[in-house]
Q: 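Questions regarding the structure given below will be posed in turn.
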2 protein chains.
Amino acid sequence: MPRARTEVHPPFAVTVDLVVLTVRDGRLHVLLVERGAEPFAGRLALPGGFVHPDEDLADAAYRELREETGLGGAGQAHVHLEQLRSYGAPQRDPRMRTVSVAYLCLAPDLPAPVAGSDARAAHWVDLATIGQGGGLAFDHAEILADGLERARAKLEYTSLGTAFCPAEFTVAHLREVYEAVWGVPIDPRNFHRKATKTAGLLVPTGRYAAGTPGRPAQLYRRGEVGSIDPPMTRAGG
Amino acid sequence: MPRARTEVHPPFAVTVDLVVLTVRDGRLHVLLVERGAEPFAGRLALPGGFVHPDEDLADAAYRELREETGLGGAGQAHVHLEQLRSYGAPQRDPRMRTVSVAYLCLAPDLPAPVAGSDARAAHWVDLATIGQGGGLAFDHAEILADGLERARAKLEYTSLGTAFCPAEFTVAHLREVYEAVWGVPIDPRNFHRKATKTAGLLVPTGRYAAGTPGRPAQLYRRGEVGSIDPPMTRAGG
DNA sequence: CCAATAGTGTCTTTCAGACACTATATA
DNA sequence: TATATAGTGTCTGAAAGACACTATTGG
């Protein structure tokens, strides 16, 4: 907190950066934009932008999500957004002293192509094709790594895995989400029992998926609970 | 991230605020300072201050910790410091637009009185004597609540409980830390087995505590591991 | 029929929680 | 001695992991 109004306080630019994750074709993807201007022109970066003068941090994150990706608008599909952490190394932006508040966003795989009102296009990038660092602009590789770690951890003890699923989904769909995020195979039978017996995680709709080989799977909606107790276990539940 | 250098970006003041926790006499305490100046003059607040122009956020947190509390200096006792989250509601400081990056600090109970170079004295305040809100300045009640929640959660699956202990401590001391942070009684025998059998949590010194009634307890040092697997359980382990 | 996926039952192992019991100090 | 605390042993129930087995679809 400021000590007294007479004390000098240097000006900072404050931005939000978004780690937007989804699962497509059984693999984890992150939403990236190609930078048009220097520095790091032509490099991939996390979507984000400046916080407005009278805007709350979370509001800025939602606005950037809408503007740059088309996600999260009113009447749109459910997306989860939470603050990740802040990054403020003195030289993280060569132009000015900047503090970035990063947000983590988990979204279902959307049939509509992701495109913002912004001229720059946002693309889903398969995380398997990005190495350590991956040539991302600024300190975005570190932010992305922190976001991945957070997402992997939260799938253990919260219901956030369902945030990657559409409004109605099968247990197998949810299992594929876990396999994609954790990068490990999971026994379908034990996962089925765990998911369906965890109170409040899934709400059965009574409807069944069709058109796939094998016995039709029941469709579920997201439950209301936030935390899973006992948690999902990462070593092949 | 900034889009182009031509875009306007409003100036923000960036501060760090510290949630410094310790366990004294079996009860959880937080370090608070009394504000001397308006706004909120005379009210209790979290220690903190402005981030300097060329200073990393974590460096600013460490500096404020030293300046305002005398904790964390070179050769001092071990303290744990981690970023908590950021707070940037437009009107959180009536003087100017401010974003605060909060840090959580866990410290052992120090025999030396806590006093900073600053004229204002920092005091350990028993959390049981602070209500919901507790009359804290700014949004510090919310920050404190978030810090408590983080500390309680991290004691489950990390070794951070030992950060509340001095360099050498008994299993009973660590148990009292858990009881104070979680506010629940824990069975001493089951806790003893869990703590001593969790690989890497405790390093036996071979020495024993003396002067207390009963069989002398073995003294331990902090182990190297960060995470506890399987975790401590909160419902009276 | 077969292949594939959904979903159930059951066995083993691990571990939390309860608590009897032993060990070793102070008063 | 009594009392207090340290530390071990053991039983029970919950739940993870492995995996046999049944159920129900499409081809």
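Each chain gets a letter, A, B and so on, in the order its sequence line appears, and its residues count up from 1.
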Q: For DNA chain D, what residues of residues 206-227 of chain A have any heavy atom nearer than 4.0 Å?
A: A:Gly214, A:Arg215, A:Pro216
Q: B:Asp25 side chain to B:Arg27 main-chain N or O, any donor-acceptor pair under 3.5 Å?
A: no
Q: Could you summarise the pairing of DNA chain D as dot-bracket text, marking Watson-Crick and G-U pairs under 3.5 Å with ( ) or [ ] inside the strand and | across strands?
A: |||||||||||||||||||||||||||
Q: In terms of the angle between their ring planes, are B:Phe169 and B:His173 parallel, tilted or perpendicular, with boundaries placed at 30° and 60°?
A: perpendicular
Q: Rounded to whole Å, please give me the gap between CG in A:Asn190 and C1' in C:dA6.
A: 14 Å
Q: Whole-Å distance between C:dC15 C1' and B:Arg234 CZ?
A: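 In whole Å, C:dC15 C1' and B:Arg234 CZ are 20 Å from each other.
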Q: Is B:Arg152 close to B:Glu149 at the side-chain level, that is, under 4.5 Å between some pair of heavy atoms?
A: no
Q: Would you mind telling me which residue lines up with the more 5' stretch of DNA chain D, B:Arg193 or B:Arg175, judged by nearest nucleotide?
A: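 Taking each residue's closest nucleotide, the earlier one in sequence belongs to B:Arg175.
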Q: What pairs with B:Tyr178 under ring pair (Phe, Tyr, Trp, His ring centres under 6.0 Å), at least two apart in sequence or on another chain?
A: B:Trp182, B:Phe191
Q: Using atom CG of B:Leu174 as one end and atom P of D:dT5 as the other, report the distance to the nearest whole Å.
A: 18 Å
Q: Has the side chain of B:Arg222 got a donor or acceptor atom that lies under 3.5 Å from a matching backbone atom of B:Cys165?
A: yes
Q: For the pair made of CG in A:Leu202 and P in C:dA6, what is the distance, rounded to whole Å?
A: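 Rounded to whole Å, this separation is 14 Å.
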Q: Please tell me which of the listed nucleotides, D:dC19, C:dA16, D:dT8, lies nearest to the side chain of B:His192?
A: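 Nucleotide nearest to B:His192's side chain: D:dT8.
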Q: Return whichever of B:Ala172 or B:Lys197 has its heavy-atom-nearest nucleotide of DNA chain D closer to the 5' end.
A: B:Ala172
Q: Please round to the nearest 0.5 Å and tell me the distance separating atom CG of A:Leu144 and atom CG of A:Leu104.
A: 10.0 Å
Q: Rounding to a whole Å, what distance do you find between A:Phe191:CZ and C:dA6:C1'?
A: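 Nearest whole value for this atom pair: 14 Å.
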Q: Without decimals, in angstroms, what is the distance between B:Lys194 NZ and C:dA18 P?
A: 15 Å
Q: Would you mind telling me which of A:Val33, A:Val30, A:Leu31, A:Leu65 makes a side chain to side chain contact (heavy atoms under 4.5 Å, CB included) with A:Leu18?
A: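 Among A:Val33, A:Val30, A:Leu31, A:Leu65, the one that satisfies the side chain to side chain contact (heavy atoms under 4.5 Å, CB included) with A:Leu18 is A:Leu65.
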Q: In whole angstroms, how far is the P atom of D:dA4 from the CZ atom of B:Arg189?
A: 15 Å
Q: Using whole Å, what does the distance between atom P of nucleotide C:dG17 and atom CE of B:Met232 come to?
A: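 Interatomic distance, CE of B:Met232 to P of C:dG17: 11 Å.
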Q: With distance as the sole criterion, is a donor-acceptor pair present between the side chains of B:Tyr87 and B:Asp17 under 3.5 Å?
A: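 B:Tyr87 vs B:Asp17: no donor-acceptor pair found between side chains.
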Q: Check for a donor-acceptor pair, side chain of B:Arg150 on one end and backbone N or O of B:Gln83 on the other, with a separation under 3.5 Å.
A: yes
